[in-house]
Asks: 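Structure provided below as structure tokens; questions to follow.
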Amino acid sequence: LCPLALWRASLRTNLMTLLTLTVTSESGVAKPYKIKEVKVADANTGAEITAAKVNGVTASINQTAETITASVPFGTNLGQIKLELTASKMASVKINNAAFDADTTYDLRKPVKIEVQSEKGDKTTVYTLTVKTGEQFSDVPANAWFAPYVKEAFEKNIVQGIGEGLFGPYTHITREDFAVMTGRMLGIKVDENATVPFKDASSVSGYAKGYVAYFAEEGIIGGYEDSTFKPKNNITREEAAKILAVALDLEVTGTPTFADTNKIAGWAKNYVYACVNAKMLMGEGNNTFNPLGSTIRAAAATAAVRVDNAK
């Protein structure tokens with residue numbers, strides 16, 4: 001035999017050796033089976049997105065127009081969106097020319113292209129994915145006194161929602177969140193890796209560390225006598241007054257004339273007067289200030305917008 005024929009014969013023998021299936025019983029008896037033929041299915045030709053979710057919200061797919069659209073709750077960060085895509089069997093999917101990765105977050109502030117190619121490679125479909133948000137937080141009625149302030153504060157990236165299209169207007173704001181809100185209002189650039197100079201630094205949320213560290217270093221925000229910051233505590237109205245007055249360098253002279261002025265801490269009275277005089281904080285009912293009361297998110301957003309517009 002010629003060398004080529006010998007090679008073919010050897011290859012055929014090897015294949016016959018490889019294509020053997022052995023079944024072994026529980027008792028250890030083995031029985032071999034020869035596989036005479038292996039058929040490979042034809043490559044799939046489908047090239048469609050059959051289902052899509054945007055941050056868990058089911059999207060609408062128009063196969064004729066090759067569009068995918070979704071509406072997510074107001075307040076959703078369109079710059080960091082998780083996608084779930086189901087495509088035709090064995091089809092490859094690309095987003096903006098890069099392979100789709102379900103573990104990646106995508107920037108969907110502008111429409112993006114989703115390219116689906118069939119396994120066979122003979123068909124490609126390019127969809128345009130467009131995502132929009134609702135017009136307002138679902139828990140902020142259009143006629144609420146704070147509605148325009150919340151909307152403006154959100155548009156200026158001073159405040160954010162709490163998820164699921166909610167703002168939580170009557171939720172109390174914490175000390176760390178007030179620091180973040182104030183920092184965003186002032187447009188401060190902070191070092192996210194900065195050291196927080198308090199004993200309970202580990203309790204400060206990652207997104208707030210830079211702001212808390214910055215304000216502590218600048219003497220705008222302080223801790224307690226035990227050297228803690230208590231980031232998750234609700235900020236009191238007199239504490240908020242101090243932060244705003246010092247951060248904005250307001251004139252801190254005068255004495256508040258509220259019915260409960262005697263309840264305002266001595267160190268806070270001038271700060272309260274300065275903020276009230278500048279119309280950044282308002283009194284509550286019955287000519288009271290309620291210095292130890294907590295600040296709700298709606299009021300904090302309102303104060304932030306007033307401060308921002310007065311800069």
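This one's a predicted model, so the numbers in the text were calculated from it and none came from an experiment. The first residue in the sequence is number 1, and the count goes up from there.
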Asks: Measure the spacing between NZ of K113 and CD1 of I68 and express it to the nearest 0.5 Å.
Replies: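 One finds 11.0 Å between NZ of K113 and CD1 of I68.
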Asks: Could I get the full list of side chain to side chain contact (heavy atoms under 4.5 Å, CB included) partners for K94, not counting sequence neighbours?
Replies: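 Partners of K94 by the side chain to side chain contact (heavy atoms under 4.5 Å, CB included) criterion, ordered by chain and then number, come out as E115.
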Asks: Supply the atom-to-atom distance L85 CG to L83 CG, rounded to the nearest 0.5 angstrom.
Replies: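 L85 atom CG to L83 atom CG measures 5.5 Å (nearest 0.5 Å).
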Asks: Do side-chain atoms of T50 reach the backbone of T86 as a donor and acceptor pair under 3.5 angstrom?
Replies: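 Side chain of T50 to backbone of T86: a pair is present.
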Asks: Hey, is the main chain of L166 close enough, under 3.5 Å, to the side chain of D139 for a donor-acceptor pair?
Replies: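 Side chain of D139 to backbone of L166: no pair is present.
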Asks: Would you sort out whether R297 and F167 count as a side-chain contact (heavy atoms from CB on, under 4.5 Å), showing the intermediate values?
Replies: CA-CA 8 Å; R297 285 169 55 81; F167 178 69; 3.2 Å; yes
Asks: Less than 3.5 Å apart, any donor N or O on the side chain of K269 or T261 sitting next to an acceptor on the other?
Replies: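 No, because no side-chain N or O of K269 sits under 3.5 Å from a partner of the opposite role on T261.
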Asks: With S92, which residues qualify under side chain to side chain contact (heavy atoms under 4.5 Å, CB included), at least two apart?
Replies: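 S92 satisfies side chain to side chain contact (heavy atoms under 4.5 Å, CB included) with Q117 once adjacent residues are dropped.
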Asks: Tell me whether T125 contacts the main-chain N or O of A47 through its side chain, where contact means a donor paired with an acceptor under 3.5 Å.
Replies: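 Here the side-chain-to-backbone pair exists.
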Asks: If we ignore hydrogens and angles and just use 3.5 Å, is the side chain of K209 paired with the main-chain N or O of A201 as donor and acceptor?
Replies: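 A pair under 3.5 Å: yes.
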Asks: Before you tell me yes or no, could you show the steps for Y207 and D177 under side chain to side chain donor-acceptor pair (under 3.5 Å), namely the whole-Å CA-CA distance, both residues' side-chain angles and the distance that decides it to 0.1 Å?
Replies: CA-CA 9 Å; Y207 66 84; D177 282 345; 2.6 Å; yes
Asks: Suppose the criterion is side-chain hydrogen bond (donor to acceptor under 3.5 Å, both in side chains): which pairs have a residue in residues 55-67, not counting sequence neighbours?
Replies: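 Listed once each, the pairs are Q63-Y127.
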Asks: What side-chain donor-acceptor pairs closer than 3.5 Å can you find for residues 150-164, not counting sequence neighbours?
Replies:
unit_1, atom_1, unit_2, atom_2, d
K151, NZ, E155, OE2, 2.5
E152, OE2, K156, NZ, 2.8
E152, OE2, N309, ND2, 3.3
K156, NZ, D308, OD2, 2.7
K156, NZ, N309, OD1, 2.8

Asks: Treating Ile, Leu, Val, Met, Phe, Trp and Tyr as nodes and any side-chain heavy-atom pair under 4.5 angstrom as an edge, say whether L248 and L281 lie in one connected cluster.
Replies: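 Yes; L281 is reachable from L248 via cluster members.
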Asks: Honestly curious: do I49 and V126 fall in one hydrophobic cluster under the side-chain, below-4.5 Å linking rule?
Replies: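 No, separate clusters.
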Asks: Is it true that, when you exclude K82 itself, more than 12 heavy atoms of the residues, nucleotides or ligands shown sit nearer than 6.0 Å to its NZ?
Replies: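 Yes - once you tally the heavy atoms of other residues, nucleotides and ligands closer than 6.0 Å, there are more than 12.
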Asks: Measure the CD1-OG1 distance between I296 and T171 for me, rounded to the nearest 0.5 Å.
Replies: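 The CD1 atom of I296 sits 9.0 Å away from the OG1 atom of T171.
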Asks: Starting from V246, can I reach I188 by hopping between I/L/V/M/F/W/Y residues whose side chains sit under 4.5 Å apart?
Replies: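 Cluster IDs for I188 and V246 match.
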Asks: Can you sort out the partners of P148 under side chain to side chain contact (heavy atoms under 4.5 Å, CB included), two or more places apart, ordered by chain and number?
Replies: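 Partners of P148 by the side chain to side chain contact (heavy atoms under 4.5 Å, CB included) criterion come out as none, since no residue qualifies.
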Asks: Are the ring centres of F146 and Y170 closer than 6.0 Å?
Replies: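 Under 6.0 Å, so yes.
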Asks: Could you pull out every donor-acceptor pair under 3.5 Å between side chains of residues 212-223 and any protein atom, sequence neighbours left out?
Replies:
none

Asks: side-chain hydrogen bond (donor to acceptor under 3.5 Å, both in side chains): which pairs involve residues 271-288, sequence neighbours left out?
Replies: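 Only E284-N290 qualify under side-chain hydrogen bond (donor to acceptor under 3.5 Å, both in side chains).
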Asks: Does S118 reach the main-chain N or O of A91 with its side chain, forming a donor-acceptor pair under 3.5 Å?
Replies: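 Not at all, since once roles are kept as given, no pair shorter than 3.5 Å links the two residues.
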Asks: Check P32 against A30 and note the closest heavy-atom contact, atom names and distance.
Replies: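 Looking at all heavy atoms of both residues, the shortest contact is CD-O, 4.1 Å.
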Asks: Apart from V305 itself, what residues make up its hydrophobic cluster, given side-chain heavy atom links below 4.5 Å?
Replies: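 Listed partners: Y149.
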Asks: In terms of heavy-atom contacts, does CG of D122 have more than 12 from other residues, nucleotides or ligands at under 6.0 Å?
Replies: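 More than 12 within 6.0 Å, yes.
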Asks: List the residues meeting side chain to side chain contact (heavy atoms under 4.5 Å, CB included) with T257, not counting sequence neighbours, and say none if there are none.
Replies: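 Not a single residue meets the side chain to side chain contact (heavy atoms under 4.5 Å, CB included) criterion with T257.
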Asks: Residues two or more places apart in sequence or in another chain: which of them pass salt bridge (Lys or Arg N to Asp or Glu O under 4.0 Å) with D103?
Replies: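 None.
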Asks: Between side-chain atoms of residues 231-243 and protein atoms elsewhere (two or more places apart, or another chain), which donor-acceptor pairs fall under 3.5 Å?
Replies:
unit_1, atom_1, unit_2, atom_2, d
K232, NZ, E176, OE2, 3.4
K232, NZ, S203, O, 2.4
K232, NZ, S205, OG, 3.3
T236, OG1, E239, N, 3.2
T236, OG1, E239, OE1, 3.4
R237, NE, F289, O, 2.6
R237, NH2, M282, O, 2.5
R237, NH2, F289, O, 3.2
E238, OE1, A265, N, 3.1
E239, OE1, R175, NH1, 3.4
E239, OE1, T236, N, 3.0
E239, OE2, R175, NH1, 3.4
E239, OE2, Y224, OH, 3.3

Asks: For the pair T76 (side chain) and V72 (backbone), establish whether a donor and an acceptor sit closer than 3.5 Å, ignoring hydrogens and angles.
Replies: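 Side chain of T76 to backbone of V72, a donor-acceptor pair under 3.5 Å: no, none is there.
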Asks: I'd like to check the salt bridge (Lys or Arg N to Asp or Glu O under 4.0 Å) partners of D107; sequence neighbours left out, ordered by chain and number.
Replies: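 With neighbours one apart ignored, the set is R109.
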Asks: Is there a donor-acceptor pair closer than 3.5 Å between any side-chain N or O of T24 and the backbone N or O of G28?
Replies: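 The answer is no, because no donor-acceptor pair under 3.5 Å joins these two groups.
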